[in-house]
Number of protein chains: 2
Amino acid sequence: MSLRYALLGIISKRRVTGYDVVHIFKQQMVHFWGSTHSQIYTELHKMEKEELVDHELVIQESSPNKKIYSLTDKGRKELIRWAIEEPLKSAKIKDEFLIKTTIFPILTHKEVLTLLDEVIERERITLEKTEAWRDHFKQDNKQDLGALLTVEYGIRYAKMYIEWCQWAKSLIEKGTTN
Amino acid sequence: MSLRYALLGIISKRRVTGYDVVHIFKQQMVHFWGSTHSQIYTELHKMEKEELVDHELVIQESSPNKKIYSLTDKGRKELIRWAIEEPLKSAKIKDEFLIKTTIFPILTHKEVLTLLDEVIERERITLEKTEAWRDHFKQDNKQDLGALLTVEYGIRYAKMYIEWCQWAKSLIEKGTTN
DNA sequence: CGCGCCATGTAAGCAGTTACATGATTCC
DNA sequence: GGAATCATGTAACTGCTTACATGGCGCG
C-alpha cells in the first residue's frame, strides 16, 4: 500500500505524468523505494477510481498523448492522514550481498575479496552519482526539503556501505584462514 | 529466488529445523532480509523436491515432531556457484519513513519533529539490541565470520540512520518555516 | 485458565517483476 | 538503419503477507 503514498507524495509537489513518475523513482527514490512502469500505471488507475487523483489529457502532435495527474482534496487529506496517523513500519531490506556475506567462511580468501571489491566499486559509483545530483540540485536552489533530506540519506548510506566493506576487507586480510 | 540461497546458507552452517530458521531470520538477518514461516516451509519443500536439501525426521514426545534439514552435495555446489558466479544485484529497500520524509514540507514543524523522534527511538532500541547480540556472540567465541560481519553491518546501519535523523532535526530546527 | 513456546503446514490475496504490445520522432 | 526517448497500457507469473488450522506442554 505504500507505493500509493509515494505516488501521492510526488503528485502533491508537481504536475506529472506516469512516465515522469517512473523517472523520479529512478533518479530520486532509488535509495529507499523501487517500482516499475507497469505497477505505477496500474496504481494510478486504481487511485483515480478511488478519487484520490484525477488527470488532464494533453494531446500532442510529435509525441504520444499524455495524462497529467493532480491530487484531489480527498487525495491530499489521505496523504497527510497517512503521514501523521499511520504507525511507522520499519524498512524492509532485501540485500543479496549480505546473504553472500553470511557464507564467506565457505568461500576462498580470493573469492571473498573479489566480491567485496565489486561491491565497493558499485557503491562508489552510486555515491559519485548521488553527490553529483545533490550538488546540481543545490545549485538549482529548488528548496525541496524532502528531496534534500533523502539525497543526503542516499549519500550517507553509500558511504556507510563502503566503509563497512573496507572494514570487512581489513578483517579478512588480517586473518590467515583460506 | 534469493530466499533459497539464504536458506541454503543457514543450513550449510548447522543442522536446523524450519522453526529454527524462522528465528535465525528474526535475530540475525533482520538487517538485510525478511521472511515468514509460511514462506520458509514452502521453500524448504520446493528445495527438497529439487534435491538441494534433505531431512531427517525426529520423533519427540513432549513436543511436536521435527524435521532437521541438511544440504545435499547438489545443494552445496549450487550455493557456491550462486555466490561466485551469479552477478550481484543491488539491495532492494522499501523504507516507508523515507516516503514520509519526502512530504515533510506539507507537514507542520511539530509533526515532522515528532516523526523524527519516533524513528530515532526505534533505531536506538534496534542498535542497543544489536550491540547486545554482538557482545554476547563475541563472548561465545563462535568464530562465525559471516555473522560477525552482518551484525556489524546492522550496527553501522542503525548508527547512520540515527545520525541522519539528528542532522535532519538540526536542519529543520534552524529553518523558520511552519 | 490463559498465554507463550514448540512445530508444522495450507489457502487466499496482494505486491512486485517480466514480458508482450504499439508507434512516432529524434539523434547518430 | 538502428537505438533512444516519449508515452501508455495489459497479461502472466513469481514472491510475499496474512489468515486459517492443529495440539500438547509448561509457567504463573
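Each chain gets a letter, A, B and so on, in the order its sequence line appears, and its residues count up from 1.
Checked against the 6.0 Å centroid criterion, the rings of A/Tyr161 and B/Tyr153 qualify as a close aromatic pair. Between B/His45 and B/Tyr41, a ring centre-to-centre spacing not shorter than 6.0 Å is recorded. For B/Phe97 and A/Phe32, the gap between ring centers reaches or exceeds 6.0 Å.
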Note to self: For nucleotides 17-28 of chain D, give me one character per nucleotide, 5' to 3': B if any protein heavy atom sits under 4.0 Å from the base, S if the only such contacts are to the sugar-phosphate, - if neither.
What the structure shows: BBB---B-S---
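The distance between atom OH of B/Tyr69 and atom P of C/dG9, rounded to the nearest whole Å, is 6 Å. As a whole-Å value, the separation of B/Glu96 CD from C/dA15 P is 12 Å. As a whole-Å value, the separation of A/Ile40 CD1 from C/dT18 C1' is 15 Å. Taking atom CZ of B/Phe25 as the reference point, atom C1' of C/dA7 lies 17 Å away to the nearest angstrom. Atom P of nucleotide C/dC14 and atom CD of A/Glu43 are separated by 12 Å, given to the nearest angstrom. In this structure, the NE2 atom of A/His55 is 13 Å from the C1' atom of D/dG9, given to the nearest Å. Between A/Ile59 atom CD1 and C/dG23 atom C1' there is a gap of 16 Å when expressed in whole angstrom units. For B/Leu44 and D/dG15, the CG to C1' distance is 16 Å, given to the nearest whole Å.
Comparing D/dG15, C/dG9, D/dT10 against the side chain of B/Lys46 picks out D/dG15 as the nearest.
Side-chain atoms of A/Lys169 do not come within 3.5 Å of backbone N or O of A/Trp164 as any donor-acceptor pair.
A salt bridge links B/Arg81 to B/Glu86: at least one charged side-chain nitrogen sits closer than 4.0 Å to a carboxylate oxygen. Ion pairing between a basic and an acidic side chain is recognised when a charged N comes within 4.0 Å of a carboxylate O; A/Arg4 and A/Glu78 show no such pairing.
The phosphate of D/dC6 has neither OP1 nor OP2 within less than 4.0 Å of any side-chain N or O from A/Gln60. OP1 or OP2 of D/dC6 sits under 4.0 Å from a side-chain N or O of A/Tyr19. OP1 and OP2 of C/dG9 both lie 4.0 Å or more from every side-chain N or O belonging to B/Tyr41.
By the 6.0 Å contact criterion, NZ on A/Lys94 is enclosed, its count of non-hydrogen atoms from other residues, nucleotides or ligands being greater than 12.
Nearest-nucleotide positions on DNA chain C for A/Trp33 and B/Ile68 put B/Ile68 closer to the 5' end. Of the residues near DNA chain D, A/Lys67 and B/Leu3, the one whose nearest nucleotide (by heavy atom distance) lies more toward the 5' end is A/Lys67.
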